[in-house]
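Any value given below was found using the heavy atoms of this structure, including those in side chains, with hydrogens, waters and symmetry copies removed. It should be emphasised that the depicted structure is a prediction, and the values quoted were computed from it without experimental measurement.
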Amino acid sequence: MARGVPIHDADGIEMARRAARLAAEVLDMIAPYVEPGVSTEALDRLCHDHIVHVQGAIPANLGYHDYPKTILTSVNQVVCHGIPSRDRILKKGDIVNIDVAVIKDGWYGDTSRMYFVGAPSALARRLVETAYEALLAGIGQVKPGATLGDVGHAIQSVAHRAHFSVVREYCGHGIGQIYHDDPQVLHYGQRGEGLTLEAGMVFTIEPMLNAGQRGTRQLADGWTVVTKDGSLSAQWEHMVAVTPEGCEVLTAWAGGQAV
């Protein structure tokens with residue numbers, strides 16, 4: 001433990017890696033189905049069946065704090081935690097984040113990515129691509145001796161340079177045999193501040209960028225979070241391990257870069 005943050009040995013990292021790869025595989029699998037006319041409920045059903053029947057894993061979100069579905073589908077102005085619904089039909093120009101987590105042999109894998117439904121607007125494309133660039137910038141800071149402030153500062157620098165805002169109410173988190181563990185990984189900060197990273201730490205980095213102001217509000221369903229001003233929002237999430245040499249992205253997608 002480092003100030004309450006678990007330090008995993010090589011066997012633990014391997015177990016986390018296996019779960020992470022399964023989560024990433026789900027996002028690769030679902031990509032061809034993210035099309036106009038498809039409901040987010042249909043996407044949820046496909047992901048559930050793949051996790052259970054193909055991977056032999058457990059959908060981590062289903063039943064977590066009474067969450068009713070397998071994935072989270074956040075469309076357009078939804079920042080995070082969108083609940084799949086048969087009434088939410090994707091249409092051309094939508095952008096959607098799909099967030100999935102699985103449990104395999106007691107270890108969690110967690111990742112999310114953005115998808116374009118048909119051709120996006122110029123603003124939507126720029127927002128999604130900037131959010132991805134911000135994720136990579138944050139990951140690029142991860143190494144022993146760096147701080148979480150370095151990670152957050154890199155993310156906010158990319159966002160602010162493009163005149164986008166960073167959501168502050170939600171953050172990345174430690175993960176392993178516990179779904180949401182220490183540390184909390186903020187997506188803003190100052191260089192040199194916060195927890196010092198050590199080899200063996202495993203956590204997610206999952207910046208949410210808004211096209212407008214950073215303010216959010218939660219809907220009456222108790223889950224769905226939207227931008228206060230109705231602007232578009234985009235999020236990407238990777239699960240990383242701090243290695244002696246730097247960093248390993250445990251949830252890398254089969255196709256490599258996603259945008």
Residue pairs, two or more places apart or on separate chains, that pass ring pair (Phe, Tyr, Trp, His ring centres under 6.0 Å) and touch [range]:
{"range": "residues 145-170", "value": "H81-Y170"}
{"range": "residues 176-209", "value": "Y64-Y179, Y64-H180, Y108-Y179, H173-H180"}
{"range": "residues 210-235", "value": "Y67-W223"}

Between atom [atom1] of [X] and atom [atom2] of [Y], what is the distance when rounded to the nearest 0.5 Å?
{"X": "T70", "Y": "L62", "atom1": "OG1", "atom2": "CG", "result": "5.0 Å"}
{"X": "L209", "Y": "L232", "atom1": "CG", "atom2": "CG", "result": "12.0 Å"}
{"X": "S165", "Y": "M208", "atom1": "OG", "atom2": "CE", "result": "11.5 Å"}
{"X": "L123", "Y": "T130", "atom1": "CG", "atom2": "OG1", "result": "9.5 Å"}
{"X": "E248", "Y": "M239", "atom1": "CD", "atom2": "CE", "result": "10.0 Å"}

Residues in side chain to side chain donor-acceptor pair (under 3.5 Å) contact with [X], at least two apart in sequence or another chain:
{"X": "T227", "answer": "none"}
{"X": "R125", "answer": "none"}
{"X": "H50", "answer": "E25"}
{"X": "T147", "answer": "D150"}

Is there a side-chain contact between [X] and [Y] (heavy atoms, below 4.5 Å)?
{"X": "M114", "Y": "E129", "answer": "no"}
{"X": "I83", "Y": "S85", "answer": "no"}
{"X": "D181", "Y": "P6", "answer": "yes"}
{"X": "L148", "Y": "L186", "answer": "no"}
{"X": "L90", "Y": "L43", "answer": "yes"}
{"X": "R88", "Y": "T73", "answer": "no"}
{"X": "M201", "Y": "L195", "answer": "yes"}
{"X": "I155", "Y": "V151", "answer": "yes"}

*Quick one: list whatever passes side chain to side chain contact (heavy atoms under 4.5 Å, CB included) with V78, sequence neighbours left out.*
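Here the qualifying residues are S74, T224, V226.
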Please list every donor-acceptor pair under 3.5 Å in which a side-chain atom of residues 93-105 meets a protein atom from a residue at least two apart or in another chain.
unit_1	atom_1	unit_2	atom_2	d
D94	OD1	N76	ND2	2.8
D94	OD1	K91	NZ	3.0
D94	OD2	K91	N	2.9
N97	ND2	S112	OG	3.0
N97	ND2	Q235	O	2.7
K104	NZ	Q55	O	3.1
K104	NZ	G56	O	3.2
D105	OD2	R18	NH1	3.3
D105	OD2	R18	NH2	3.1

Output a table of donor-acceptor pairs, distance under 3.5 Å, between side-chain atoms of residues 30-39 and any protein atom two or more places apart or on a different chain; print 'none' if there are none.
unit_1	atom_1	unit_2	atom_2	d
S39	OG	A42	N	3.0

_Regarding N210 and S233, do their side chains bring together a donor and an acceptor under 3.5 Å, going by distance alone?_
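Indeed, the side chains of N210 and S233 share at least one donor-acceptor pair under 3.5 Å.
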*Using the test salt bridge (charged side-chain N to carboxylate O under 4.0 Å, His left out), find all partners of E14 that sit at least two apart in sequence or belong to another chain.*
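Partners of E14 under the salt bridge (charged side-chain N to carboxylate O under 4.0 Å, His left out) test: R17.
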*Just jot down the salt bridge (charged side-chain N to carboxylate O under 4.0 Å, His left out) partners of R45, sequence neighbours excluded, or say none.*
E41
*Below 4.0 angstrom, N of the basic side chain to O of the carboxylate: do R21 and D28 qualify?*
no
